[in-house]
Amino acid sequence: MSNFLFAGFGGQGILFSGKLLAKVGLELDKQVSWLPSYGPEMRGGTANCSVIVNDEPIGSPLVTKPDVLLVLNLPSFEKFEHTVIKNGIMIVDSSLVEKKTVRTDIKAYYIPASMLASDNDLAGLANIIMFGQMLKAIKLFDYSLVEAVLVHSTPKSKPQLAELNKKALSLGYNYQA
Amino acid sequence: MSNFLFAGFGGQGILFSGKLLAKVGLELDKQVSWLPSYGPEMRGGTANCSVIVNDEPIGSPLVTKPDVLLVLNLPSFEKFEHTVIKNGIMIVDSSLVEKKTVRTDIKAYYIPASMLASDNDLAGLANIIMFGQMLKAIKLFDYSLVEAVLVHSTPKSKPQLAELNKKALSLGYNYQA
Amino acid sequence: MKKATFKTELCKGCGLCVTACPKHIVELDTKSINAKGYHPASCTDDDKCIACGMCAIICPDVVITVIKEDKDK
Amino acid sequence: MKKATFKTELCKGCGLCVTACPKHIVELDTKSINAKGYHPASCTDDDKCIACGMCAIICPDVVITVIKEDKDK
Amino acid sequence: MNIVFEKPKALADVPFHYCPGCTHGIAHRLVAEAIDALDIEGQTIGIAPVGCAVFAYNYFNCDMVQAPHGRAPAVATGIKRANPDKFVFTYQGDGDLAAIGTAETIHSGARGENITIIFINNAIYGMTGGQMAPTTLLGQVTTTSPYGRKAEIQGNPLRICELMSTIEGVAYAERVALDNVKNIRRAKAAIQKAFEIQRDKKGLSIIEILSTCPTNWGFSPAQSMDFVREKMIPYYPLGVYKDITKGGANNE
Amino acid sequence: MNIVFEKPKALADVPFHYCPGCTHGIAHRLVAEAIDALDIEGQTIGIAPVGCAVFAYNYFNCDMVQAPHGRAPAVATGIKRANPDKFVFTYQGDGDLAAIGTAETIHSGARGENITIIFINNAIYGMTGGQMAPTTLLGQVTTTSPYGRKAEIQGNPLRICELMSTIEGVAYAERVALDNVKNIRRAKAAIQKAFEIQRDKKGLSIIEILSTCPTNWGFSPAQSMDFVREKMIPYYPLGVYKDITKGGANNE
Amino acid sequence: MSRKVLMKGNEAVAEAAIRAGCKLFFGYPITPQTDLSEYMAKQMPNRGGLSLQAESEIAAINMVLGASASGARVMTSSSSPGISLKGEGISYIVGSDLPCVIVNVQRGGPGLGGIQPAQSDYFQATKALGHGDMHLIVLAPANIQEMAILTGEAFDLADIYRTPVMILADGALGQMMEPVDFAAKPVRVLPEKTWVCNGHQNKRPMNIVNSLYIQPEELEQKNIERFERYKKIEETEVKYEEYLTDDAEIVVVAYGITARIARTAVNLARAEGIKAGLHRPITLYPFPKKRLNKLADKVDIFLSVELNMGQMIDDIKLAIECKKPVKHFGRTGGVMPVPEEILDNIRRLAK
Amino acid sequence: MSRKVLMKGNEAVAEAAIRAGCKLFFGYPITPQTDLSEYMAKQMPNRGGLSLQAESEIAAINMVLGASASGARVMTSSSSPGISLKGEGISYIVGSDLPCVIVNVQRGGPGLGGIQPAQSDYFQATKALGHGDMHLIVLAPANIQEMAILTGEAFDLADIYRTPVMILADGALGQMMEPVDFAAKPVRVLPEKTWVCNGHQNKRPMNIVNSLYIQPEELEQKNIERFERYKKIEETEVKYEEYLTDDAEIVVVAYGITARIARTAVNLARAEGIKAGLHRPITLYPFPKKRLNKLADKVDIFLSVELNMGQMIDDIKLAIECKKPVKHFGRTGGVMPVPEEILDNIRRLAK
Ligand SMILES: Cc1ncc(C[n+]2csc(CCOP(=O)(O)OP(=O)(O)O)c2C)c(N)n1
Ligand SMILES: Cc1ncc(C[n+]2csc(CCOP(=O)(O)OP(=O)(O)O)c2C)c(N)n1
Ligand code: SF4
Ligand code: SF4
Ligand code: SF4
Ligand code: SF4
Ligand code: SF4
Ligand code: SF4
Ligand SMILES: [Mg+2]
Ligand SMILES: [Mg+2]
């Protein structure tokens, strides 16, 4: 389980989530890579990023067949659902994507992350909630390490932000459909 | 006798003389080429031009070993005197170049062309006087053909100029040191 | 009848029409989301519309058409 | 003594100094030709020279030096 | 039934890719309205720049040529010289027109090319993600002036209408803004006049349009309109800078 | 004994390659005199253009860099930013500065680069043999305007001082001529002032020098001086176009 | 008087262009190309065309882009440093599939270099006149008559294949005069320009001239399609000339001005009993690969003679698949070799 | 936390440059290179340097020329169309023997093309980034750590050989993040810059930085001298990396981002029992000719994998003197291949 794809609209914190994962890999002394999609249409278009965390040297940084797919909008759901490998994992923000996967060979987790975020005064942190859910699903990384990296990744100048992030992570981690 | 080099200061009509020769060759249906020296220092520096009149296709248009050298100033005399081939011909404007060649293996003609020009109200036509002298020396081209080409080369709008040119050509042709 | 019609699928929810309407009858519909992911604008009260066209003039995405029935002239 | 000295080997015979001299004492020497092929200029009458420097100021080729003996001050 | 406002015919029926609230869309529409007003769509060739408006070739219904970054006035010159009786306009951003394309801008003016330049001054490089433009205001933070533009380091913002109006050959130069309906109406009139000047073969016309970039300015669309009004207009005064049909320059 | 006039020290002891009567030589000398006056030869880096003055690197005794055609102000920017306390000047013709180098000229001005630009306006491309320059006068015959420059075809001559003085960042802009001793003296003062402005770190200074090209104009040196006086000065009025040390622009 | 006229190479190109229907010329002065612009400036106004001096080489190439996009036959010319500046524009012209003719009268480089004849822009012209996967057709005339003929041909090739075509000359060819005959030559059948942006007059759908493709797959398709055109060009448009190659053991490969000097050298070598021959590529892109490859089967050794430090030699090696040794003899910086220098090299190879 | 930092390739180049003593950076925005300029804009003011956005790529490269001529370590960066515009300036920098570092984060072309990763400026970078006989040293990093290391190296090479050095990257390498360790690396002994134009202070003779030589023979001498330096560079500075080439029958040759994908493909091939290996040139100029030539003695076939229509393949053929077949597989226009596509090609060649 080394190839991750994070996909959604621009502005949903897709790139940040990906970077968080890559940093966790870095702390574990793994090979990691992070590649954003980029284009002239960052303006409200879809954004995604490929993250690889591996023991082997990484070849192409582009994830075309994700082991794990995090999806935060419908266009991305439709575009990437079929690319997940057999027995792969898909995490879906069910407050933004009403569809369910038709695939039976992957494991899908539906979490109303955006709704949870607004319900819990965690505006803009749906991505971290999703991340928490993913952590639980993939069972690869130590929770406290992720939490530490997350805290380290938030600006020192805004300590409240670190707390909110921690809360979001835990919310996602502990959410059960 | 196919390789000609005309050399002097810019403004002495060097390029025109060369072109006249090339045109004569053209009328005789020969292979001809004309190549000026060019540089950022046209300003009063030396100017020269290579003319080839040949039966064979012309290789390099650059004349490095002239059969015939026409010289209108001292720097050119010093630069090119030694390049003339054995048994070649050199025509010198002796009113501008006081030196005589030290070479005994070439035939040199000295004609005070510039002085003849000013003495005969042929200002600026020393080059044609020189050309006349060359014609006589090389004995290659029909005088009347050259005269016709010369007339054809002067602007129709200035008929007097044609007459002056004819006079200069004849003056040079008939001059004897 | 005067009317401002919104092609909501083109709307990007920028809200400029809202600021421009002198009758304060244009609003973003925060409850709905269009295919592009925006809350689209619309005229909430056709009766109050004076067909001044200001919402349409400021709309960057040519979402709005404004008409006026002849008898209103 | 006032004097305008010409480095004739640098002169290009442009004649600008001739036009500039208020004393009309600068001339091109049409009889001589320098190594560059020009008729060089020179001052034809040192006594008349007032060392105004105008010939030197207009000379594009820095041919001319102008001096004035101290007592002339 | 009377249509008060509808999409102009010269505008293609496809959605713009511009960000929400970006006034590029308004400017496009105004150009299309002018083309409609003069009924010249079939005689018009537009030049798309490199910048957010690069896809302008998808948005107008007239023939469109996409030019290298900054070279639209040269491309326009080529087209106009080959087709002196057609209408040619360029649509250019401030990076395109006032930075890399400075020479082409100035010289198309000097030649009095009979073309119309629509100049979108949004004080930033939109497409590449918010770098400093030649028209970025002093103090304005951009990704390449992260500590605010400083005159001593990055230099001063260029005022293009002022510059262009010193040039013989420029027939008409006006600066307008899109920050409110009144100014949009003025902008529309200015653009239409520019095409009329071209029709009458009077020389080059340039309409500088103070525009917004909510995305890279980091403001909401409405706040962006305020920024135009409060920050840009004071440094870039609106008005006619040159109008040879009126005899001489006048800045209202 | 008192030396009224001698070769300035900053000028190398080699003959110029310029044509007889060409005022490039005078302009060189005036620059050298300014360098001498401020005693800054050891702190000065000059930039040679592409144009007749390309060999300027052989004529000055300070360090010299030869720039690509038109790019001297950019090269100067690189040098000055690396050496803010040194003196940097460019020496450029009208083709170099006002045609291919337009963008570099305008933007070095906008940035207020603390450099001095010596701009030789001889209304022609000298080095390449007499083609039209952006400053060629209307009606003037050149090899690329063989029927005389026409505004409708080749456009109008550019007035660089007027253009540059609209630009914030330009500290000093003056147009001078070399057609007679009086004007040469003024030119000398202007050049010296330009270097002083650089010394005082006030911004960019540009001295436009109306100059001659007897060879390509087809006039004698003396007639060429008349051409400057009678044809050029009326279109290119002499005077100070901007002087921030005096507070504001004034054209005498 | 003779039907032929004595003309400079630069002038012959200009005259031939006008005769080929070139309606617009955009130039910028640079030695040793300037007389071309000057000829255009003089002639165009009287012959229904327009010659404009642009503010720079960049403006000139972009004016060409515009004029071509709107349907005109159009040309620009420059010399080495000016050609470098046109790189971006040329890449756009290729990417937009626009026809035009570009003349490079090469001079010594790099940098400001010198103004004497050189062939050191061979790599640039044939491999990479701009960024991206691209080529232009490159024609290398060797005399003034050919300067004229190939210029006419260039306009046709450009229109047929919707590509820029370069006349790659040098200072000597630009400045020298030879007799030229402008007698009419057969014109090719040209495709209709349906893609032109000159105002649709409400009679056809709008046209777009563009080189931007945001979907990489689309851009890839465009490139593949263009390279198929290149393949066709390679199959049908290769031109070369040979001299005494039938029994040659040593073949000199040279183009342009150098080929003429080499021809003299070949004659000198033959006079000494050395079986030398000359292969002169006329199209540098497409390069006469097939012919050279075939030649390699019977020739012992090749000598690439160029006015540079060794550029075309690579293409010869690739063409003959290293079947035979290829040597280089070059002069650079503006120096033109004399035939004897080439002869020396031939002699050395003849052992 | 880790000593390594996660960084974009563009940022790593910028950071490494600052650490290498780069004092001036002149840029102009262009995707996908812009973050490099932005990093510089952010960092330089706090680290004793200066980052300036020029009015164009042309101005930027000429500011580099000026800064270098006056002695500073200086860099510029751009992407394909912007690099084309720098051609004339780069040729001047070569002709003036000035050191500097130039980064090309390649995108699809020709023309405006696209903004996705490409390697289609290979010809331009290695053969002809400008007119005249010239080269620059071209380095091709394949990961972010190498982006940093080679940038430091580039500054040293530039100073030692008085030449511009190009970092030839692509959109993927520019935009992706990987961990980088900036631990100090040994610095080379650098020659003193006695030729610098920064004011002679009356303490030394004046210096001239110039690329003009009116006498062709002088210019020729300059070129010969410079090409001797290139020879030395070729002898001492070639860098490459190999993977499983010891017993390989098929060797994939690929650089930069493509080499990584190819490496995965080689693994997949090995898993199928195909004896595949990878040769990755790190210096593209000088190209690892000798090594490849030696490799050709034992390898059956080469596969050049590039993000273009076939460019490096020529250099491979020339290097191995056509001893063995060389095939090309490429995607272009911004498309990145997946390892399986390369595997397919390997399989086909393995028969
Ligand atoms: C030669 C070249 N340089 C740089 C770029 C990258 N680029 C694309 S758009 C742009 C600037 C856009 O700014 P502006 O012209 O102000 O237009 P806006 O997006 O703000 O409307 C730049 C620098 C390019 N495509 N080509
Ligand atoms: C890129 C480039 N384009 C063109 C040239 C040719 N060229 C040399 S000098 C010159 C113009 C000279 O005119 P100007 O700048 O007015 O200087 P002047 O000779 O009149 O003093 C030109 C176009 C060049 N060397 N490089
Ligand atoms: S037309 Fe006028 S009144 Fe009606 S909705 Fe629009 S702005 Fe409001
Ligand atoms: S102005 Fe247009 S795009 Fe913006 S909210 Fe109103 S209708 Fe929607
Ligand atoms: S110094 Fe004055 S008076 Fe003396 S020669 Fe010169 S111009 Fe004449
Ligand atoms: S001005 Fe100078 S160059 Fe001209 S004639 Fe007088 S001394 Fe000679
Ligand atoms: S980036 Fe700025 S200029 Fe570009 S579309 Fe978005 S808001 Fe408009
Ligand atoms: S060509 Fe003109 S500008 Fe150049 S040196 Fe001669 S006179 Fe002076
Ligand atoms: Mg902008
Ligand atoms: Mg000039």
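Letters go in sequence order (proteins before strands), and every chain restarts at 1. Just the heavy atoms: all of them, side chains too, but no hydrogens, waters or symmetry mates, feed the values below.
Heavy-atom distances place both the backbone and the side chain of H/Leu212 under 4.5 Å from chain G. Within the 4.5 angstrom heavy-atom criterion, no atom of H/Ile93 approaches chain G. Looking at H/Ser80, the atoms closer than 4.5 Å to chain G (heavy atoms on both sides) sit in the backbone and in the side chain alike. Looking at G/Ile58, only its side chain comes within 4.5 Å of chain H, counting heavy atoms on both sides. Heavy-atom distances place both the backbone and the side chain of H/Met309 under 4.5 Å from chain G. For G/Arg107, no part sits under 4.5 Å from any heavy atom of chain H, backbone or side chain. Neither the backbone nor the side chain of H/Gln119 has a heavy atom closer than 4.5 Å to any heavy atom of chain G.
The side-chain heavy atoms of H/Thr332 and G/Leu219, taken from C-beta on, include no pair separated by under 4.5 Å. Using a 4.5 Å cut-off on side-chain heavy atoms (C-beta onward), G/Asn104 and H/His131 make no contact.
Heavy-atom pairs under 4.5 Å with chain H were tallied for G/Val94, G/Asp314, G/Ile83; the largest tally goes to G/Asp314. The candidate with the highest count of non-hydrogen atom pairs below 4.5 Å against chain H, out of G/Gly113, G/Ala128, G/Gly109, G/Gly95, is G/Gly113. No other option in G/Pro216, G/Gly89, G/Gly130 has as many heavy-atom pairs under 4.5 Å with chain H as G/Pro216. Highest contact tally toward chain H, considering only G/Gly87, G/Gly334, G/Ser91, is held by G/Ser91 [criterion: heavy-atom pairs under 4.5 Å]. The greatest number of non-hydrogen atom pairs below 4.5 Å with chain H, out of G/Ala125, G/Gly330, G/Gly82, G/Gly111, is found for G/Gly111. When the candidates G/Met134, G/Lys317, G/Gln311, G/Gln215 are compared by the number of heavy-atom contacts under 4.5 Å with chain H, G/Gln311 comes out ahead.
One N or O on the side chain of H/Ser211 and one on the backbone of G/Leu112 form a donor-acceptor pair closer than 3.5 Å. When atom types are taken as modelled, the side chain of H/Asp133 and the backbone of G/Asn308 share no donor-acceptor pair closer than 3.5 angstrom.
Between H/Asn223 and G/Pro110, the shortest heavy-atom contact is OD1-CD, 3.3 Å.
The structure places SG of H/Cys322 at 8.0 Å from CD1 of G/Ile320, a figure rounded to the nearest 0.5 Å. Between atom CG of residue H/Leu129 and atom OG of residue G/Ser84 there is a gap of 8.5 Å, rounded to the nearest 0.5 Å. Distance check, rounded to the nearest 0.5 Å: NZ of G/Lys323 to CD of H/Glu321 gives 16.0 Å.
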Could you go through the side chain to side chain contact (heavy atoms under 4.5 Å, CB included) check for G/Lys127 and H/Thr126 one step at a time?
CA-CA 10 Å; G/Lys127 313 275 172 218; H/Thr126 59; over 6 Å; no
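At most 12 non-hydrogen atoms from other residues, nucleotides or ligands lie less than 6.0 angstrom from NZ of H/Lys327. At most 12 heavy atoms of other shown residues, nucleotides or ligands fall within 6.0 angstrom of atom NZ in G/Lys289.
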